[in-house]
Amino acid sequence: MGFDQPGEACQRVLVAEDDAMFRKILHNWLHSWGYQVTIAEDGAKAWEILQGDSAPQLPILDWMMPEPNGVELCRLIRERNSSPYQYIVLLTAKDDK
Amino acid sequence: MFRRSSLAIAPRFLWECLSSQTVNPFPAPATSHPACGFPALGAPVCFLPRFTKAHLPIIALTAYAMKGDSERFIAAGMDAYISKPINAATLESAMAIAFYGAGASGQIKSPTKNASESEPECEVSWSEAETLKKLGGDNQLLQEVIEIFLEEAPKHLAALRFGLEEESGDAVERAAHSLKGELGYLSISELSKSALELEESERNSDLESVSRMLPTFEASVWRLLISIRKSKSMASEGQHGAGPTGAIPS
């Protein structure tokens, strides 16, 4: 798959996913596209990483993972009212919703 | 994680374990023949129903795959037997037979399993080529993903069973959800759909349906795992398996 290298606006990506298979797939793809990937296996770890120094600029959050789940984590991030605006990608297998 | 294991070095200790209220009902004992002495095994096997409400699966270990042994194992009440030297995949498959009635092949024999005893199982097919396409043709990633699936799926199944036994809806839903996603990604749509049904049943607080569907689902997933392992093993030995698209043998 041919993708351009990511721009400076977004180089660091957080993948918060409790499923090992999807963690592996996402990590491989994002890494091969030139992103710096940080992995969290649950919501609590993801929240800890997002509050740290040099936090990833784009969180990709699994909806259904150990608490806080992706939706709850999204609310926590929005409550911070941080600037610049942080884009969030929600990942879900709940394709019937 | 969710299973207990104990070790007995002589028939007397084995029998004490099996008779103990603290470990009863005891999951699949793997008993060695003739180290234990095959005739002596008849005693625990015959008396076990007095101590357990449900069927107790038993796996025989044998260094001799002699003609006629199968009949002797059946007569003694064994569910499966494996020949020494054993390897991890063989033992795992035998455990699958013992616990879930999953079909298998190769060294593992399931003497008591026949068509009349088994529940109807859904047809399972797996398209390796389709999964490879989803992964952008990255064959190395495909192999790593399959390895993860082989490692994780039994954990999800155990979590599903544990959640049901503990009446933990969250645990059932989470495990079924994980299996639905993984099976779906591997293009095993029939089983992914079954996992979705399990997930939805739990969401509707219908654990009775989960309980009814689970044995067939477990058996089908184990058949799939055994088949994938076998396919990988054959591929690593330079043989040709079922090809990029293969039906999972019953």
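Here the structure is a predicted model, which is why all the values come from computation and not from measurement. Each chain gets a letter, A, B and so on, in the order the sequences are listed, and its residues count up from 1. The figures that follow rest on heavy atoms only: side chains count, while hydrogens, waters and symmetry mates do not.
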Determine, step by step, whether W29(A) and L135(B) satisfy the side chain to side chain contact (heavy atoms under 4.5 Å, CB included) criterion, reporting the C-alpha distance in whole Å, the side-chain angles of both residues, the deciding distance to 0.1 Å, and the verdict.
CA-CA 9 Å; W29(A) 283 351; L135(B) 293 171; 4.1 Å; yes
Side chain to side chain contact (heavy atoms under 4.5 Å, CB included) evaluation trace for H177(B) with M65(A)
CA-CA 10 Å; H177(B) 182 79; M65(A) 65 178 167; over 6 Å; no
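A 4.5 Å side-chain heavy-atom check between E144(B) and N28(A) finds at least one atom pair inside the cut-off. Considering only heavy atoms from C-beta on, E152(B) stays 4.5 Å or farther from D19(A) through its side chain. Between K24(A) and L141(B), the closest side-chain pair of non-hydrogen atoms falls below 4.5 Å. The shortest distance between side-chain heavy atoms of R174(B) and P66(A) falls below 4.5 Å.
Here the CE-NZ distance, from M64(A) to K180(B), works out to 8.0 Å after rounding to the nearest 0.5 Å. Rounding to the nearest 0.5 Å places CD1 of I25(A) at 10.5 Å from CG of D138(B).
Contact annotation for E182(B): both backbone and side-chain heavy atoms come within less than 4.5 Å of a heavy atom of chain A. Heavy-atom distances place the side chain of L186(B), and not its backbone, under 4.5 Å from chain A.
Remark: R75(A) CZ is loosely packed, at most 12 non-hydrogen atoms of other residues, nucleotides or ligands lying under 6.0 Å away. By the neighbour-count criterion of 12 heavy atoms within 6.0 Å, atom NZ of K45(A) is sparsely surrounded, having that number or fewer from other residues, nucleotides or ligands.
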